[in-house]
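For clarity, every value in this text was computed on a predicted model and none was experimentally measured.
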Amino acid sequence: MEILDGKKISNQIKDEIAAEVVKMKEKGEKVPHLAAIIVGNDGASLTYVGSKVRSCKRVGFESTLVQMPSTTSEIELLKKIKELNENTDIDGFIVQLPLPDQIDTQKVIMAIDPDKDVDGFHPTNFGKMALDMSTFIPATPFGILELLERYGVETQGKHTVVIGRSHIVGRPMSILMGRKGFPGNSTVTLTHSRTKNITQITSQADIIISALGVPKFLKAEMVKDDVVIIDVGITRVPDDNKEKGYYITGDVDFEHVSKKASYITPVPGGVGPMTIAMLMKNTLLARERHRSRR
């Protein structure tokens, strides 16, 4: 069994991006600029955005953090998005999800300029991804592809089972794993909360990508020997015995499933760091796109 070490690979990617930024500076070119909008003060969201800002610093990007109160109206947020769309200094930006109840998330995603949508959530980018065209791939699926590629995990002709059908991970992952090329060329089954006999399906899988958000959902008896496990889930489980009052776990019962797996991602330290690294990569791609047009 080999650990798919997202922390190690994400550091390699950040080093590669930092080297590209050094070259840009030497040529006197503008360095990439990433902005993030956060509405409210959700603890997890603040942590994620903080790590994105630190990653920008590490690779040499400029970054802007726009913090808005939880009482922000949809109109106010859309106005801020319009400002960022029109600001030629900003190459890409994200709106941290989830948003407060008074704001329509879909409307917000639609308002982002697809050329600056480094999260890859806009329907234009999603459609291009589905058609195998050059575009921004959502950062988490992009990170999973990169992990599989850098560890040389065989995907061609394999049966990949995706658990969870979210627009952010499950659905794009099911499309990407079935595309031509590497990683890809696998036969994909997309499962979800309404799937019957899920154990029957997972036990036939060569690769399982779980993005369900249910702690330790995937048990050892649900997988076959030598399976490749990608655990996207990350849940805080309350535990009074822990110093922080909780522990973090994924969708997979790591202790038991890892004994049967050929490759497995840990939680934390697997997919999470890759997501941030690929957001940096998308921002670099955005800068290159904008440079070629100006």
Side-chain angles (χ1 to χ4, degrees), residues 1-10 40 42-51 96-99 105 138-141 143-144 147-148 160-174 177 188-276 278:
M1 187 271 291
E2 190 172 354
I3 294 282
L4 296 170
D5 189 341
K7 210 168 182 182
K8 182 177 89 175
I9 301 297
S10 71
D42 175 73
S45 292
L46 288 165
T47 303
Y48 289 142
V49 170
S51 58
Q96 185 64 42
L97 303 178
L99 291 165
T105 301
T140 300
I144 293 167
L147 264 184
L148 293 170
T160 296
V161 171
V162 179
I163 307 174
R165 54 182 164 183
S166 76
H167 296 168
I168 294 170
V169 183
R171 203 167 298 182
M173 214 59 241
S174 69
M177 289 301 286
V188 184
T189 304
L190 178 61
T191 66
H192 44 76
S193 58
R194 301 295 169 91
T195 301
K196 291 178 179 174
N197 306 324
I198 195 162
T199 298
Q200 203 177 330
I201 298 166
T202 56
S203 60
Q204 294 171 10
D206 302 305
I207 301 166
I208 297 175
I209 300 167
S210 186
L212 198 61
V214 177
K216 298 183 182 178
F217 171 81
L218 194 71
K219 304 281 194 283
E221 59 269 20
M222 296 171 73
V223 307
K224 67 179 186 180
D225 288 337
D226 293 329
V227 66
V228 176
I229 300 284
I230 307 288
D231 190 351
V232 186
I234 184 157
T235 308
R236 286 184 179 187
V237 179
D239 186 344
D240 294 336
N241 297 322
K242 300 285 180 188
E243 198 179 319
K244 290 180 178 175
Y246 65 87
Y247 67 91
I248 287 174
T249 188
D251 287 356
V252 178
D253 179 0
F254 185 90
E255 187 189 345
H256 299 104
V257 173
S258 60
K259 291 177 178 139
K260 294 176 86 171
S262 56
Y263 294 92
I264 191 166
T265 59
V267 176
V271 174
M274 293 299 297
T275 298
I276 292 173
M278 301 324 280

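- One finds the CD1 atom of I209 at 5.5 Å from the OG1 atom of T160 (value rounded to the nearest 0.5 Å).
- Between P268 and P273, every side-chain heavy-atom pair lies at or beyond the 4.5 Å cut-off.
- When the side chain to side chain contact (heavy atoms under 4.5 Å, CB included) test is applied to V49, the partners found at least two apart in sequence or on another chain are A36, I38, V53, L65, Q96.
- Partners of D251 according to the side-chain hydrogen bond (donor to acceptor under 3.5 Å, both in side chains) rule, which considers only residues two or more places apart in sequence or in another chain, are S210.
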query: Step by step, would you call F254 with I264 a side chain to side chain contact (heavy atoms under 4.5 Å, CB included)?
result: CA-CA 8 Å; F254 185 90; I264 191 166; 3.7 Å; yes
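- Taking OH from Y247 and OG1 from T235, the interatomic distance works out to 9.5 Å, rounded to the nearest 0.5 Å.
- With sequence neighbours excluded, no residue forms a side-chain hydrogen bond (donor to acceptor under 3.5 Å, both in side chains) with T265.
- Rounding to the nearest 0.5 Å gives a distance of 9.5 Å between OG of S258 and CD1 of I229.
- Scanning for side-chain hydrogen bond (donor to acceptor under 3.5 Å, both in side chains) contacts around T249 gives an empty result, with sequence neighbours left out.
- In this structure, CD1 in I207 is found 9.0 Å from CE in M173, a value given to the nearest 0.5 Å.
- Within the 4.5 Å cutoff, no side-chain heavy atoms of P141 are placed close to those of M278.
- D231 places a side-chain N or O within 3.5 Å of a backbone atom of V252 that can act as its donor or acceptor partner.
- Rounded to the nearest 0.5 angstrom, I163 CD1 and S193 OG are separated by 12.0 Å.
- By the side chain to side chain contact (heavy atoms under 4.5 Å, CB included) test, T275 is found to be paired with A139, T140, V271, residues two or more places apart in sequence or in another chain being considered.
- Two residues are said to be in side-chain contact when any heavy atoms from C-beta on lie closer than 4.5 Å; T189 and Q204 fail this criterion.
- Checked against salt bridge (charged side-chain N to carboxylate O under 4.0 Å, His left out), K259 has no partners two or more places apart in sequence or in another chain.
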Name each donor-acceptor pair under 3.5 Å that joins a side chain in residues 213-228 to protein atoms two or more places apart or in another chain, with its distance.
unit_1, atom_1, unit_2, atom_2, d
K219, NZ, K216, O, 2.4
K224, NZ, D206, OD1, 2.8

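- Among residue pairs with one or both ends in residues 194-203, none qualify as side-chain hydrogen bond (donor to acceptor under 3.5 Å, both in side chains); sequence neighbours excluded.
- Within a 6.0 Å radius of NZ in K260, more than 12 heavy atoms belonging to other residues, nucleotides or ligands are found.
- Taking the side-chain hydrogen bond (donor to acceptor under 3.5 Å, both in side chains) definition, one finds that H167 meets it with nothing, sequence neighbours left out.
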